[in-house]
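Order of appearance sets the numbers: ligands from 1, and atoms from 1 within every ligand. Quick caveat: nothing in here was measured; it's all calculated off a predicted structure.
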Amino acid sequence: MFENVFFIKSVYNLKEIPRSAQPEVILCGRSNVGKSSFLNSLFNRKSLAKISSSPGKTRSINFYDVDETFYVVDLPGYGYAKTSKSEREKWGKLVSGYILEGKHIALALHFIDSRHKPTQLDVVLNEMLKTNSIPYFFVLTKTDKLKQSEFSQSAKKLSEVFSEAKVNENIVLYSTTKGRGQKEIKRIFRNMFY
Ligand code: GTP
Ligand code: MG
């Protein structure tokens, strides 16, 4: 389980979305929060998803097949200021079009940096998920940068913006360096797809 993971395709246009009816798990959230790194760490593959030290790296919607059972879909992040306005608008349309119209999205993982409070763009994303009735978990990333004592503070910041966010229910604390959260994510996938 979770061993046969391979890249399917990069999509720059909604028409190119794979036609297969496999369920999709989407990785969404701001630029630089760690969506692509999550993919590599979860499946223990150094360069399955491309990552750069400068944010704004993922520019296409990238489909990965897991065990020919479901897709993990890595989305470009939003809110990266250094990107040109026209490019931001283009990605924004691509991502929101896919989230609002995707027929096979079974689950969204909404990534938020555990050190920061969710932003207005996170609220917009959350509303899109709700509009298309997509179930979701919040993934608080880079928890290796927090002290254990700061975990509850981080979850509190999240629930101040999203009142439905609850520890042990729909919040996953994640770290690529410490392997934190991997078991939980795999349990979620196993329960959904196997
Ligand atoms: P976009 O593709 O722009 O949307 O960004 P992204 O969300 O895919 O972020 P990406 O995975 O490219 O990671 C951004 C930076 O954060 C990289 O330098 C990663 O090494 C770093 N990073 C990601 N996850 C972690 C983590 O758990 N801990 C630490 N310390 N750094 C992380
Ligand atoms: Mg990325």
Side-chain angles (χ1 to χ4, degrees), residues 5-12 24-64 66 71-99 102 105 107-126 128-129 136-148 150-151 153-155 157-158 171-186 188:
V5 185
F6 53 94
F7 171 73
I8 294 277
K9 73 189 282 197
S10 291
V11 167
Y12 292 87
E24 297 158 6
V25 175
I26 61 171
L27 313 182
C28 47
R30 285 181 70 89
S31 186
N32 204 37
V33 290
K35 300 178 292 300
S36 301
S37 309
F38 165 90
L39 193 58
N40 290 337
S41 66
L42 187 68
F43 297 115
N44 198 18
R45 296 262 299 271
K46 273 212 171 70
S47 51
L48 186 64
K50 289 197 187 71
I51 298 171
S52 108
S53 50
S54 58
K57 180 68 187 169
T58 307
R59 295 175 180 225
S60 48
I61 298 181
N62 298 309
F63 283 78
Y64 299 85
V66 183
Y71 289 132
V72 173
V73 185
D74 188 20
L75 295 175
Y78 44 80
Y80 183 51
K82 281 192 189 159
T83 317
S84 74
K85 188 162 176 259
S86 66
E87 260 200 309
R88 258 191 321 217
E89 280 173 1
K90 198 174 124 208
W91 301 345
K93 270 195 195 136
L94 180 65
V95 171
S96 58
Y98 169 57
I99 293 176
I105 305 174
L107 179 73
L109 299 179
H110 181 168
F111 288 76
I112 295 168
D113 189 318
S114 60
R115 297 165 297 176
H116 307 308
K117 203 175 167 165
T119 66
Q120 186 52 32
L121 289 168
D122 288 305
V123 174
V124 171
L125 168 64
N126 182 266
M128 286 197 278
L129 299 176
Y136 54 87
F137 283 85
F138 296 102
V139 181
L140 290 175
T141 62
K142 310 191 187 185
T143 57
D144 51 285
K145 306 255 191 193
L146 297 181
K147 298 188 199 102
Q148 184 87 28
E150 293 171 318
F151 286 2
Q153 191 57 32
S154 177
K157 270 190 285 188
L158 181 69
I171 301 177
V172 178
L173 297 169
Y174 200 85
S175 165
T176 56
T177 60
K178 307 235 162 154
R180 186 178 289 130
Q182 284 195 16
K183 266 197 195 145
E184 225 171 319
I185 296 285
K186 287 185 173 169
I188 292 167

Is [X] close to ligand 1, meaning an N/O of one under 3.5 Å from an N/O of the other?
{"X": "Pro76", "result": "no"}
{"X": "Gly77", "result": "yes"}
{"X": "Tyr174", "result": "no"}
{"X": "Ser31", "result": "yes"}
{"X": "Lys142", "result": "yes"}
{"X": "Phe38", "result": "no"}
{"X": "Thr141", "result": "no"}

Say you draw a straight line from CG of Leu129 to NE2 of His110; how long is it, rounded to the nearest 0.5 Å?
->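 These two atoms lie 7.5 Å from each other.
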Discussion item. Rounded to the nearest 0.5 Å, what separates atom CG in Leu146 from atom CG in Leu173?
Written reply: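 Separation between the atoms: 8.5 Å.
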(Q) A quick test of your reading: do over 12 heavy atoms of other residues, nucleotides or ligands sit less than 6.0 Å from NZ of Lys93? (A)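 It does not: Lys93 NZ has 12 such atoms or fewer within range.
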| Does Asp144 approach ligand 1 within less than 4.0 angstrom via side chain, backbone, both or neither, non-hydrogen atoms only? |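 The answer is the side chain.
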Atoms of ligand 1, numbered as shown, that sit under 4.0 Å from any heavy atom of [X]:
{"X": "Ser36", "value": "8 (O), 11 (O)"}
{"X": "Val33", "value": "7 (O), 9 (O)"}
{"X": "Lys35", "value": "1 (P), 4 (O), 5 (O), 6 (P), 7 (O), 8 (O), 9 (O), 11 (O)"}

*Would Ser36 count as a contact for the Mg ion (ligand 2), in the sense that one of its N, O or S atoms lies under 2.8 Å from it?*
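Coordinating: yes.
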Item to check | Closest contact, heavy atoms only, Ser41 versus Thr176 | outcome: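 In this case the closest contact between Ser41 and Thr176 is OG-CG2, 3.6 Å.
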Exercise. Give every residue pair that meets the salt bridge (charged side-chain N to carboxylate O under 4.0 Å, His left out) criterion with at least one member in residues 138-147, sequence neighbours excluded.
Key: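 Not a single pair qualifies under salt bridge (charged side-chain N to carboxylate O under 4.0 Å, His left out).
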Subject >> For Gln153, side-chain contact (heavy atoms from CB on, under 4.5 Å) partners two or more places apart >> reply: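 side-chain contact (heavy atoms from CB on, under 4.5 Å) check on Gln153 returns nothing, list empty.
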* When you check the side-chain N and O atoms of Asp122 and Tyr78, is any donor under 3.5 Å from an acceptor? -> yes
Find out whether Ile105 and Tyr98 are in side-chain contact, i.e. whether some heavy atom of one side chain is under 4.5 Å from a heavy atom of the other.
->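 Yes; the side chains approach each other to less than 4.5 Å.
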